[in-house]
Amino acid sequence: MTRRGVRWVDQRTASAPLLRKALRYLFPDHWSFLLGEVALYAFVVLVATGIYLTFFFVDSTKEVVFRGDYYPPLYGQKMSEAYASVVHLSLAVRAGLLLRQTHHWAANIFIAAIVLHLFRIFFTGAYRKPRELTYWLGVTMLTLALLEAYLGYSLVDDLMSGMGLVIGYSVGLAIPFVGQNLMNWLFDGMFPGSPKLWPRMYIAHVLIFPILIGLLLGAHLLLVAMRHHTQFRRTKAQTEHTIVGVPAFPGQAPRSLGLMVGTTGILFLLGGLVQINPIWLWGPYHTYSSTNGAQPDWYLGWLIGALRLVPGFDLTIAGYTLVPNPFWGGAAFPLVVFGFLYLWPWLERKFTGDEAFHNLLDGPRDAPARTGIGVGVVSWVVLVFFAGSSDRVFVTFGLSYTGQIWAYRILVWVLPALFGLVAWWICKELQASERVVRVRHEAEAEARLARMRRSSEPPRDPSTLES
Amino acid sequence: MTRLRNAIISALVLLLGRARRRRPRREETRIVPPQPGHLAAELAVLALLGLSSSCAIAFILVYALGDSIPNETQFLGAALGLALLCLATALILVGLKLVPSEEVAEEYPPHEHPHEQQLIAEVIDESGTRFTRSRFFKLGLLGAGGTLGLAILAPAVSFGPLFRVGDFLQTPWRRGRRLVDETGKPYKASDISEKNFYLAFPEGTSDEEKEQMAASLVVIRLPQKELRLPSHLKGYDANGILAYSRICTHAGCAITLYRAPLFQPDEPRPALVCPCHYSTFDPATGGTVTFGPAGRDLPLLPVYKDSKGYLRAKGNFDGPVGPSWWGVRLWKAQP
Ligand code: FES
């Protein structure tokens, strides 16, 4: 039976040699290797639920009057067709809310998994030669994923998403020299743009970005498979030349499938049980309305924090505006962070002069400088993220908002340096204590050997020992 | 009852029997090492699969019942989620307990293939020996490719207007135009009280025009002795009534917070605050930034009270409305 099936496929595709190799592809066994897989499965869920949502969404900002008697608070209000269609999908379509919330949760988990995956790659040095390309593709996918999520959030055209959109517009507008033209071009005029804007954002969200991410994802996986996985050194058999792992089939396949189905299951549980972005409560967006206490999805929190932290100034020369303020927090800051991510493999090679092939991973302690710098950059971004929630802290704990912002303006520079140094020092200490343990083990082993020799062997003639 | 027991026993026998019969014959030449059976795991997997399909059926039922049950979304999510999680657990159990998952060692692919590299380079180099002007050929190819690329991209220019600042400076405000509220009712100066703030639009604008950044205003009243307007803004207020652009000069959010100083000793003056990044503008001094990231004063629209007591625009804003762009300070808002 099995044989017949395999033969049928092979005769028509000549793929038996390839399939045989694929079936026995080795997966090194470590939980942290599954983070990237979770991101992949979240992407699959995003595409599947997203397709469902497209059957209900209307990509138009034409103003309509809401006439859904299923939600009286909005009845009779003027709003865009886009927003009305999402309210309808959420409140009047069976299972519509489940699919929409699952889509939103999947976006959150998608980005979270990518970020954690990136941490693993960074702190274990997995990006080193020969895997720089794989790494750069990954960082690019993170950028695309953030833009894609922002587009999806904006498309709904509720009050929150409109506020997010106008802020993004202003950041683009603030780009020196080209900003004004760029935004005029993208939005077909000044904010809130022409009726062409929504179809543009929609096609970017459901076609252009998903296809780009899908293509890069394919290339990313292909590169991983061509060079094979990296691995931690757990046994003596693991060297730079020998990979030890569980074969794709039968060992790994059910686990990975299980992880895929499990990720999907958890996303649907979240989508059903944990409310996310209840857009019917926010109301429609108008340029002249906004609300206090608006918080974006967490993956944009670092940008809100940066926008809030920058002191109030436009860079002007003799009364001529060169760089408007939102550029610093909204564009320069993420450019620096992603610039660092892109350049890091090259920087590290420059400083360490390490041109070797690496299949074995470092533990974080094995590279104190890398770990220190990584901790510094991560804590920098995280602190800016926290700064973005100072208004919530003010409301909850009554700490003065202005005071907090001033404190953050200083801490954001001091603490990351401190954390980086501490991380570097801990790594050094761990290395030193490891060395002590190793030396002691070696000495003990030697002593044991010597004792065994002395007790088991008869005393020899000194002359034979020397030869 | 006994019939049920018999059914279960015969099902078990059937299962166990199959497991024994399926044992492969040629033990010595196997690729995947043999492993002892694991009945408990196998039964657990079957149970999980059964559970999974019952949850899936529950999902269909909840869907079919629809609105007649409360919290439909929660039940749907729980049913589908649990169905998937049961299936996932079954699969992972298979992976961990029922299929051999021994670790295997093998060589990494070689770092490079010098021989193939050499061959590829040779093929490429040797194919081009007919070209005597290969430098020019490459240049020409590059030129053709580049210009063609530009040509293909060129139509994208029509996405939107380029080099047009006019839109950014145009405002619907004209001398004499009345200020109206959201429903279109004109404001009288006497409608504007202290400690409150009002949303205003130009009279006779459509819903679409109301969305323009320069259309909406935030109107407040300050005691006249508190005003400290700079000299170029003298006369912009109507007896203490001030009409500011509603759009924050930082990143374009609407200014929807007005802090009239009631008791806070640390905030002694009234302030217009944007909820997005908390840019704070002082309405008494012509909209200067007192805190937060905004880099430009809030534009002020001059207003006056007409003979019937209605509020009317006296002219146009003192600067461009909305978020800043490169060179924004060179321009003035235009009628
Ligand atoms: S948009 Fe008003 S403070 Fe940023």
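The sequence lines fix the lettering, A, B, ..., with proteins before strands; numbering per chain opens at 1. Values in this document were obtained by computation on a predicted structure and should not be read as measured data.
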Parallel, tilted or perpendicular: which one describes the rings of A/Tyr401 and B/Phe291, with boundaries at 30° and 60°?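 Judged by the thresholds at 30° and 60°, the geometry between A/Tyr401 and B/Phe291 is perpendicular.
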Angle between ring planes, A/Phe187 versus A/Phe191, binned at 30° and 60°: parallel, tilted or perpendicular?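 It falls in the tilted class, 30° to 60°.
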Measure [X] against the heavy atoms of chain B and call it side chain, backbone, both or neither at under 4.5 Å.
| X | result |
| --- | --- |
| A/Lys78 | side chain |
| A/Ser194 | neither |
| A/Phe27 | neither |
| A/Thr239 | backbone |
| A/Ser289 | backbone |
| A/Gln238 | neither |
| A/Pro130 | neither |

Under 4.5 Å from a heavy atom of chain A, the part of B/Glu72 involved: side chain
Considering only heavy atoms, which portion of B/Val289 lies under 4.5 Å from any heavy atom of chain A: side chain, backbone, both, or neither?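 Contact with chain A involves no heavy atom of B/Val289 at all.
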With chain B, which of A/Val244, A/Val178, A/Asn181 has the greatest number of heavy-atom pairs at distances under 4.5 Å? A/Asn181
Mind ranking [options] by heavy-atom pairs under 4.5 Å with chain A and telling me who comes out on top?
| options | result |
| --- | --- |
| B/Gly252, B/Gly292, B/Ala251, B/Gly95 | B/Ala251 |
| B/Arg246, B/Glu211, B/Gln212 | B/Glu211 |
| B/Asp207, B/Leu80, B/Ile255 | B/Asp207 |
| B/Pro161, B/Ala105, B/Ser216, B/Gly66 | B/Pro161 |

Looking only at the aromatic ring of each residue, does the gap between the centers of A/Tyr288 and B/Phe201 stay below 6.0 angstrom? yes
Let me have the donor-acceptor pairs involving side chains of residues 259-270 of chain A, under 3.5 Å, with sequence neighbours excluded, atom names and distances please.
unit_1	atom_1	unit_2	atom_2	d
A/Thr263	OG1	A/Leu259	O	2.6
A/Thr264	OG1	A/Met260	O	2.7

